Participant: 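Take a look at this one; I'll ask things after.
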Amino acid sequence: MEIPQELADHIDEVITHYPVSKRSATLPLLHLLQEHFGYISEEAITWVAAKLELEPINVLELVTFYPMLRQNPVGKHHIRVCRTLSCALAGGYSLLDTFCKHANIEKQSGNHHAHFFKSADGKYSVEFVECLASCGTAPVCMINDDFYEAVSEESVPELLKKYQ
Amino acid sequence: MPAILRTPHPRERRIVFKNVDREGWTTDIDCYLKDGGYEELKKALKMQPQEIVSEVKASGVRGRGGAGFPTGAKWGFIRPGETKPIYLICNADEAEPGTFKDRYIIHQDPHQLLEGMIISCYAVNARLAYIYIRGEFPVGAKILERAIQEAKEHGFIGKNILGTGFDLEIYVHRGAGAYICGEETGLIESIEGKRPYPRIKPPYFPAALGLYMSPTIVNNVETLCDVKHIVKMGGAEFAKIGRPNNTGTRILCVSGDVQKPGYYELEVGGVTMGELIYDICGGLRPGRKLKAVIPGGSSAKVLRADERYKIKTKQPDGTTTEAEIGIEDIRMDFDSLAAVGSMAGSGGVIVMDDSRDMVWALNNINQFYGHESCGQCTPCREGSLWMQKITTRLLDGAGADGDADILVSVADRIAGRTICAFGEACAWPTQSFVAKFRDEFLAYASKNGNASSKPEDKH
Ligand SMILES: Cc1cc2nc3c(=O)[nH]c(=O)nc-3n(C[C@H](O)[C@H](O)[C@H](O)COP(=O)(O)O)c2cc1C
Ligand code: SF4
Ligand code: FES
């Protein structure tokens, strides 16, 4: 696992945010590694554990708990559609299907706990997430770190064009 | 953000949201300073910490995160002469379905939050503070980090703040998609680098045994912003806004079937439910009638549009009078919503019209809680999943006659039997939906479903 110097420096700086307990830096470090590598590998888990003087299980138990942490790479562009009530009232479920259709993604099961769905070419992945705290402009979604409000199904093809 | 600038409704009283959607407003510290920013911090640093706590007590402000606990009383739990370090955490996990207010403060007015936080830290003598922001706000986290950097450069954060000898560091800590991190002790465990399993209270009240087993104050974003305005106007003046025991303003977040959903900062109890829905939010869509309202985030008990509520009011002479009111007469404040059997909660008002299917709506909510239970307590872990399975099978046409009763019996066995209030949060929707819309559940059970939504919208 190659950690570029800049990232290594950033990691060391983040650890200083937790003067009382280094263990507190576990989640921030996992975020940084996931941002860099796209997902969290076994190696990353052991690396974080060694860095923070923890057992690997202390790190793994976070990776398996938090929905945003992943052990498999998502697509090049990751789409998160809000599933919860206000968005569902405004058509969130159809919106997810529309994204799948235009991104050539086959939805495997109706169970949103089953993680994300990815297109065969790995370009897009889609995931249902819970309330994104923008219920007044439902339905909403995120593509990578970008946030979109009041997303109509018609706007999906145009939206996807921005993410090649 | 924002894509669209929204003009405040004339009935709003914008204090905390003064700068949200304001023309020409930016997140830069210069913009904030030009508008008189950080003046309240300077004022506060000239006061004794205990004086600020007294002002907050006098203001009567109640927490805006969900439980509505008086902030002054919470701060008062920190023992004078405490020898352990004291921490303050800003709860910016905003994840209660239907709630969308902290998002705008973070993205558009980060310095207001910082100013409120620095004053609060000074008041409770905290030298280290964290902003726990939900993982799905990556841009918000960057905005806050930049704002902290700017505030440091101006001497508002760091060592010897404005020459007063007060030191404070504030860091941003990102969550990673788990709703339970909003529960304050789960949040604390999360910052400690563990799974966010809520702690049992007693003994683990944060104000006594919080972060790193030290006294810790956890407050919501909006509450901490209120502190700035309490310092500005004085506790007594703040207490004049709103109603007795329900003071100040609140940002109500309205979503669902209204013509103008959105955020509205109103005096607490300044409007009734009817005024909120019809006058402020433009009413329902043409031809539609009100069916149900969830008044305080998805955990709050649902209210049925044609219910009558008996409310008791204390008169100045000590006697109580009882009146019967309809849904549109309910005042949007803590005490009135509690009096009708629900709660003001997080301020998220979800409106549903007569085209909506209540079994479908409850199933959506049950999916949420089934997904978000942390799994520590058996009643919550198993019960939330069973409630979800039962509403799903009702929708799928595979329900059984006794399902409505089973749902309630499962919910009744969760509430009051768990480590944290998530137990109630997941039981209340089921208890109230089944009690108030029993017919619809029975109709599904007899495979007589009246699904008004597309089949693929069901789960
Ligand atoms: C399951 C659950 C989720 C919660 N989520 C949030 C949240 O997202 N934001 C928040 O401010 N408070 C949330 N709370 C309430 C917090 O535990 C805590 O009461 C609050 O942050 C205290 O701040 P306040 O007194 O300023 O309201 C939640 C509580 C529970 C039980
Ligand atoms: S009530 Fe539910 S969420 Fe809260 S601690 Fe127990 S299992 Fe976890
Ligand atoms: S329900 Fe989708 S943002 Fe809240």
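Everything numeric in this text was worked out from a predicted model, so none of it was measured. Letters A, B, ... mirror the listed sequences (proteins, then strands); counts begin at 1.
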Participant: Under 4.5 Å from any heavy atom of chain A, what part of P97(B) do you find: side chain, backbone, both or neither?
Facilitator: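 When you check distances to chain A, atoms from both the backbone and side chain of P97(B) fall under 4.5 Å.
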Participant: Does atom CD (E55(A)) have a neighbourhood of more than 12 heavy atoms from anything else shown, all under 6.0 Å?
Facilitator: no
Participant: Quick check: are there more than 12 heavy atoms from other residues, nucleotides or ligands sitting under 6.0 Å from NZ of K84(B)?
Facilitator: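 Yes, enclosed.
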Participant: Could you label the plane-to-plane angle of the Y171(B) and Y18(A) rings as parallel, tilted or perpendicular, counting under 30° as parallel and over 60° as perpendicular?
Facilitator: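 Taking Y18(A) first and then Y171(B), their aromatic rings sit tilted (interplane angle of 30° to 60°).
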Participant: Drop me the distance from Y263(B)'s OH to C135(A)'s SG, to the nearest 0.5 angstrom.
Facilitator: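 That separation rounds to 13.0 Å.
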Participant: Between atom CZ of F368(B) and atom CG of L85(A), what is the distance when rounded to the nearest 0.5 Å?
Facilitator: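 Those atoms lie 11.0 Å apart.
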Participant: I need the residue from P196(B), G135(B), P261(B) with the largest number of non-hydrogen atom pairs under 4.5 Å to chain A.
Facilitator: P196(B)
Participant: Using non-hydrogen atoms and a 4.5 Å limit, figure out which bit of E94(B) sits close to chain A: side chain, backbone, both or neither.
Facilitator: both
Participant: Shortest non-hydrogen contact from A178(B) to F65(A)?
Facilitator: CB-CE2, 3.9 Å
Participant: Counting only heavy atoms closer than 4.5 Å, note whether Y179(B) contacts chain A via side chain, backbone, both or neither.
Facilitator: neither
Participant: When heavy-atom pairs shorter than 4.5 Å are enumerated against chain A, which of I180(B), I191(B), V258(B), L128(B) gives the highest number?
Facilitator: I191(B)
Participant: Could you tell me whether E13(A) atom CD has more than 12 heavy atoms of other residues or ligands within 6.0 Å of it?
Facilitator: yes
Participant: Go through E192(B), R195(B), K101(B) and name the one with the most non-hydrogen pairs under 4.5 angstrom from chain A.
Facilitator: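 The candidate making the most pairs under 4.5 Å is R195(B).
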Participant: So which heavy atom on G136(A) is nearest to which on S255(B), and how close?
Facilitator: N-CB, 4.1 Å
Participant: With side chain to side chain contact (heavy atoms under 4.5 Å, CB included) as the criterion, how do H107(B) and F147(A) come out once you've worked through the C-alpha distance, each side chain's angles and the decisive distance to 0.1 Å?
Facilitator: CA-CA 12 Å; H107(B) 287 86; F147(A) 181 67; over 6 Å; no
Participant: Where on Y197(B) is there a heavy atom nearer than 4.5 Å to chain A: the side chain, the backbone, both, or neither?
Facilitator: side chain
Participant: Is it the backbone or the side chain of H17(A) that comes under 4.5 Å from a heavy atom of chain B, or both, or neither?
Facilitator: both
Participant: If you take all heavy atoms of D145(A) and V139(B), which pair is closest and at what distance?
Facilitator: O-CG2, 3.8 Å
Participant: Sort by residue number and list every member of residues 21-29 of chain A having a non-hydrogen atom under 4.5 Å from chain B.
Facilitator: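 When heavy atoms of chain B are the reference, residues 21-29 of chain A contributes S21(A), R23(A), S24(A), T26(A), L27(A), P28(A) within the under-4.5 Å range.
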Participant: Test: salt bridge (charged side-chain N to carboxylate O under 4.0 Å, His left out). Region: residues 25-47 of chain A. Which pairs qualify, not counting sequence neighbours?
Facilitator: E35(A)-R174(B)
Participant: Holding to side chain to side chain donor-acceptor pair (under 3.5 Å), I want the full list of residues that pass it with N104(A), two or more places apart in sequence or in another chain.
Facilitator: none
Participant: Quick check for you: among S298(B), A95(B), G348(B), G177(B), which has the greatest number of heavy-atom pairs under 4.5 Å with chain A?
Facilitator: G177(B)
Participant: Quick check on the interface: out of S214(B), G256(B), G175(B), G375(B), who has the most heavy-atom pairs with chain A under 4.5 Å?
Facilitator: G175(B)
Participant: If I take atom CG from residue N364(B) and atom CD from residue E130(A), how far apart are they, to the nearest 0.5 angstrom?
Facilitator: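 If I round to the nearest 0.5 Å, the distance is 7.5 Å.
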Participant: So which part of C374(B) gets closer than 4.5 Å to some heavy atom of chain A, the side chain, the backbone, both or neither?
Facilitator: both
Participant: Quick one: of E96(B), K260(B), E372(B), R134(B), who has the most non-hydrogen atom pairs under 4.5 Å with chain A?
Facilitator: R134(B)
Participant: Quick one: pull up CG in L132(A) and CZ in F100(B) and give me the separation to the nearest 0.5 Å.
Facilitator: 13.0 Å
Participant: Measure across G98(B) and S86(A) and return the closest heavy-atom pair with its distance rounded to 0.1 Å.
Facilitator: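 So the two residues come closest at CA-OG, 4.5 Å.
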Participant: Below 4.5 Å from any heavy atom of chain A, which atoms of V254(B) appear? Answer side chain, backbone, both or neither.
Facilitator: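 The answer is the backbone of V254(B).
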Participant: E183(B): which residues meet the salt bridge (Lys or Arg N to Asp or Glu O under 4.0 Å) condition with it, sequence neighbours left out?
Facilitator: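 For E183(B), the residues satisfying salt bridge (Lys or Arg N to Asp or Glu O under 4.0 Å) (neighbours in sequence not counted) are K201(B).
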Participant: Write down the atom of L62(A), the atom of K194(B), and the distance for their closest heavy-atom approach.
Facilitator: CD2-C, 3.3 Å
Participant: What heavy-atom pair brings Y130(B) and P19(A) nearest, and what distance separates the two atoms?
Facilitator: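 Smallest interatomic distance, heavy atoms only, reads OH-CD, 3.9 Å.
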Participant: Just verifying a value: how many Å separate F128(A) CZ and H371(B) NE2, rounded to the nearest 0.5 Å?
Facilitator: 12.0 Å
